[in-house]
Amino acid sequence: MRLDDQRASQNVEDRRGDGPGIGRGTVGIGTLVIALVAGYFLGVDPAVILGLVSSGAPAPSAARVPQPPPAGDEMATFVAKVLGSTEATWHEVFVAGDRRYQEPKLVLFSGATPTACGTGKSAMGPFYCPADQKVYIDLAFYRDLRERFKAPGEFAQAYVIAHEVGHHVQNLLGISDKVHAAQQRSGNRAAANALSVRLELQADCFAGVWAHRADSRSRILEPGDVEQALNAAAAIGDDRLQRQTQGQIVPESFTHGTSEQRVRWFKRGMASGDMRQCDTFSAATL
Ligand SMILES: [Zn+2]
């Protein structure tokens, strides 16, 4: 992946050095369980996060001043450039649709951190909180993606960010709110899960739209990159994760879609660069 010319976003907030933190030390131990849970929740949908609001959540410190990552931090620079690339893409798309794109913040944290959606924990994997419009990532997840899920590569890591930003786009467009209202009306777990799958696959498709447009604009892709993202999308499909963790698959419990579906929708966005191709809610087959 080539990001040399990419402007780094100023919207990265670095909380990795925040005191002893809460739940710190949970990373690195029990890694298998944590990694599998993290993978399962990769790109946790906002409804799930909202359901995780913990009573033990510490109040965000009023004195907290958001800190940018230190200069020279390679991983943080990578994240900031990918985020900057998503900003350029979505500004372009929103302007074309006569809308204004509000950039999300991206928070780097270790272990656990307070969010407007309750305590964010590493074990949840990267996630987006609609209430504060921030993407949260513990970079330890990238090690799990590489080692446990066998999905290495910078473009696989970029896909993870682009997927979360896809949830932000859904939030700005009012799609997430509609889905959550429909989920509550359905009053039925299987129907709510089916809607969650469509929301997640759309975020994958939006990640593909970003990849297409970012590459058209700045030639970010190098040989093998697309395969890395597809491999990552496949590695975190519900069917594959359930087979690994439970030895069996229960389609009604899927919340993110199968490996094949995640790959298909990412490809669909990537092929066209057109978000109108991402209407997973009207699609007869996913
Ligand atoms: Zn997601």
Side-chain angles (χ1 to χ4, degrees), residues 35-52 79 82-83 86 90 104-107 115 117-118 120-138 141-142 144-145 149 151 156-180 182-183 192-211 229-230 232-242 253-270 275 278-281 283 286:
L36 291 171
V37 173
Y40 186 73
F41 283 112
L42 169 71
V44 138
D45 100 273
V48 176
I49 289 294
L50 290 166
L52 286 171
V79 168
V82 172
L83 186 64
T86 65
W90 290 111
K105 303 280 184 205
L106 185 151
V107 177
T115 85
C117 300
K121 300 199 177 91
S122 300
M124 288 159 23
F127 64 94
Y128 171 72
C129 170
D132 56 20
Q133 303 202 355
K134 293 181 181 182
V135 171
Y136 291 86
I137 299 185
D138 183 329
F141 178 75
Y142 284 154
D144 292 335
L145 191 64
F149 300 112
Q157 297 174 346
Y159 153 70
V160 170
I161 296 171
H163 172 95
E164 297 310 329
V165 171
H167 284 310
H168 174 65
V169 170
Q170 290 173 320
N171 185 28
L172 294 182
L173 296 177
I175 298 170
S176 337
D177 279 348
K178 276 189 203 157
V179 168
H180 294 144
Q183 282 175 322
N193 286 346
L195 283 166
S196 165
V197 166
R198 288 178 191 261
L199 195 67
E200 291 299 326
L201 294 176
Q202 186 176 60
D204 284 332
C205 186
F206 285 175
V209 167
W210 158 75
L230 297 179
I236 52 183
D238 286 322
D239 51 341
R240 195 183 291 186
L241 289 171
Q242 286 192 357
S253 68
F254 289 176
T255 52
H256 287 67
T258 64
S259 296
E260 193 202 348
Q261 289 168 338
R262 300 198 71 165
V263 165
R264 187 179 318 131
W265 283 95
F266 177 82
K267 274 183 167 171
R268 198 173 158 113
M270 167 109 200
M275 67 190 300
C278 298
D279 186 358
T280 54
F281 297 95
L286 294 174

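Indexing begins at 1, ligand by ligand and atom by atom, following the structure's order. The first residue in the sequence is number 1, and the count goes up from there. Only this structure's heavy atoms are used, side chains among them; waters, hydrogens and symmetry mates stay out.
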| field | Opening angle at the Zn ion (ligand 1) [NE2, H167; NE2, H163; to 10 degrees] | value | 100°
| said: For residues 123-137, which residue pairs pass the salt bridge (charged side-chain N to carboxylate O under 4.0 Å, His left out) check, not counting sequence neighbours? | reply: E13-K134
| request: Keeping to residues at least two apart or across chains, list the salt bridge (charged side-chain N to carboxylate O under 4.0 Å, His left out) pairs with something in residues 168-179. | output: none
| request: Please confirm whether the backbone N or O of A283 pairs with a side-chain atom of R198, one donor and one acceptor, at under 3.5 Å? | output: yes
| Does H256 bring an N, O or S atom to under 2.8 Å of the Zn ion (ligand 1)? | no
| said: Can you confirm whether D144 sits close enough to F149 that some side-chain heavy atom of one is under 4.5 Å from a side-chain heavy atom of the other? | reply: yes
| request: Determine which of the N, O or S atoms in E200 is closest to the Zn ion (ligand 1) and give its atom name. | output: OE1
